[in-house]
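Here's the structure we're looking at; comments come further down.
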2 protein chains.
Amino acid sequence: MGITKTQGFSEETTSMAELLKALGHPARLSIMMYLANSPQCINSDLVDELPLAQSTVSRHLSELKRVGLIKGTIAGNNISYCVNEDMWDKVKDFFTGTSNLLSPKKCC
Amino acid sequence: MGITKTQGFSEETTSMAELLKALGHPARLSIMMYLANSPQCINSDLVDELPLAQSTVSRHLSELKRVGLIKGTIAGNNISYCVNEDMWDKVKDFFTGTSNLLSPKKCC
DNA sequence: TCGTTATATCGTAATATTGCGATATGGGAA
DNA sequence: TTCCCATATCGCAATATTACGATATAACGA
């Protein structure tokens, strides 16, 4: 199949899974780290940073844009990408939120 | 292709991406949430909780076990699964760690 | 205008993922 | 032993993902 069932899962679960899936690739995770740590809003000299062809980098960027983790604006001849902090916070909150706290049990 | 390039990425990035990828599926994320919030260490009545066949649930469980996010021990006739807190903390720390802090810029 | 640069998209090929039914396996219960 | 129960695994089919080169597109500079 290869198709992921979404029926029967909550909308929140599905959308969070989509965000995590987008982050679950070395190239895309690297892009996020690079954008998060760069002093200014960096365009795609990411191509130089990553061991991938330009077209592949572009694909990963558009995937990150599709799920809303990054934003891009045209700045002259190149495009300035940056992290969409709202969406990033959404992911962070998922892991720091109290509803996901583990009870301190060591059972296995 | 379908194959993910790992050459050229740091080991840390690759392993974190693997963890996030494992979480990036509604069923596997649901399993983690369920285990994290369950009062006791729950075995696979997950099959009743999820809209998936038993064999599919088992596959997702073994994937989570493969990356180390959960642990399972045999308890009589059934298996008791629970969250591997060390690995879960590793993911949490990634999002809460200072090295990933975004500078407060709104550029796009 | 022409060439260069930066990006995106297309087409293709290889591989991975997902899901299910069917089938093992292994332990307890009758 | 024989029959269930809970799990795991296999085999398959359908779909998704990944990567690359080639090709568009669009804007700037000479």
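Basis for what follows: all heavy atoms, side chains included, without hydrogens, waters or symmetry-related copies. Lettering follows sequence order; numbering is per chain, from 1.
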Nearest whole angstrom, please: distance from the [atom2] of [N] to the [atom1] of [X].
| X | N | atom1 | atom2 | value |
| --- | --- | --- | --- | --- |
| A:Leu29 | D:dT18 | CG | C1' | 17 Å |
| A:Ile42 | C:dT7 | CD1 | P | 11 Å |
| A:Arg66 | C:dT9 | CZ | P | 13 Å |
| A:Leu61 | C:dA8 | CG | P | 6 Å |
| B:Leu50 | D:dT7 | CG | P | 13 Å |
| B:Asn78 | D:dC4 | CG | C1' | 14 Å |
| A:Leu52 | C:dT7 | CG | P | 16 Å |
| A:Ile31 | C:dT7 | CD1 | C1' | 13 Å |

Nearest-nucleotide 5' precedence on DNA chain C, B:Ala27 against A:Lys65: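 On the 5' side of the pair lies A:Lys65.
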Taking for each residue the nucleotide of DNA chain C bearing the nearest heavy atom, is the 5' side occupied by A:Thr6 or by A:Val47?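 So the residue in question is A:Val47.
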On a heavy-atom basis, which atom in [X] and which in [Y] lie closest, and how many Å separate them?
| X | Y | result |
| --- | --- | --- |
| B:Ile42 | B:Asp45 | CG2-OD1, 3.1 Å |
| B:Pro26 | A:Thr4 | CD-CG2, 3.7 Å |
| A:Ser62 | A:Arg59 | OG-O, 2.9 Å |
| A:Pro51 | B:Gly8 | CG-CA, 3.9 Å |
| B:Tyr81 | B:Leu35 | O-CD2, 3.5 Å |
| B:Ser30 | A:Phe9 | OG-CD2, 3.3 Å |

Does [N] have OP1 or OP2 under 4.0 Å away from a side-chain N or O of [X]?
| X | N | result |
| --- | --- | --- |
| A:Ser58 | C:dA8 | yes |
| B:His60 | C:dT17 | no |
| A:Tyr81 | C:dA8 | yes |
| B:Thr56 | C:dT18 | no |

Nearest-neighbour nucleotide for the B:Gln54 side chain, C:dG21, D:dT7, C:dT7 considered: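 Minimum distance to the B:Gln54 side chain belongs to D:dT7.
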Between A:Phe95 and B:Trp88, how do the two ring planes meet: parallel, tilted or perpendicular, split at 30° and 60°?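 Ring orientation, 0 to 90° scale: tilted.
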Matching residue for A:Ile31 among A:Leu69, A:Leu61, A:Val83 - test: side chain to side chain contact (heavy atoms under 4.5 Å, CB included):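 Between A:Ile31 and the candidates, side chain to side chain contact (heavy atoms under 4.5 Å, CB included) is satisfied uniquely by A:Leu61.
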Tell me the salt bridge (charged side-chain N to carboxylate O under 4.0 Å, His left out) pairs involving residues 4-29 of chain B, sequence neighbours left out?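 Qualifying pairs: B:Glu18-B:Arg66.
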Expected rows: protein N/O vs nucleotides 10-17 of chain D N/O, under 3.5 Å:
from: D:dG11; atom 1: O6; to: B:Arg59; atom 2: NH2; distance (Å): 3.4
from: D:dA13; atom 1: N1; to: A:Met1; atom 2: N; distance (Å): 3.0
from: D:dA13; atom 1: N3; to: A:Met1; atom 2: N; distance (Å): 2.8
from: D:dA14; atom 1: N3; to: A:Met1; atom 2: N; distance (Å): 2.3
from: D:dA14; atom 1: N3; to: A:Met1; atom 2: O; distance (Å): 2.1
from: D:dA14; atom 1: N3; to: A:Gly2; atom 2: N; distance (Å): 3.3
from: D:dT15; atom 1: O4'; to: A:Met1; atom 2: O; distance (Å): 2.5
from: D:dT15; atom 1: N1; to: A:Met1; atom 2: O; distance (Å): 3.2
from: D:dT15; atom 1: O2; to: A:Met1; atom 2: O; distance (Å): 3.4
from: D:dT17; atom 1: OP1; to: A:Lys21; atom 2: NZ; distance (Å): 2.8
from: D:dT17; atom 1: O2; to: B:Gly2; atom 2: N; distance (Å): 3.2

Worked verdict on A:Ser10 versus A:Thr13 for side-chain hydrogen bond (donor to acceptor under 3.5 Å, both in side chains): CA-CA 5 Å; A:Ser10 74; A:Thr13 299; 2.8 Å; yes
Table of protein N/O atoms under 3.5 Å from nucleotides 26-30 of chain D N/O atoms:
none

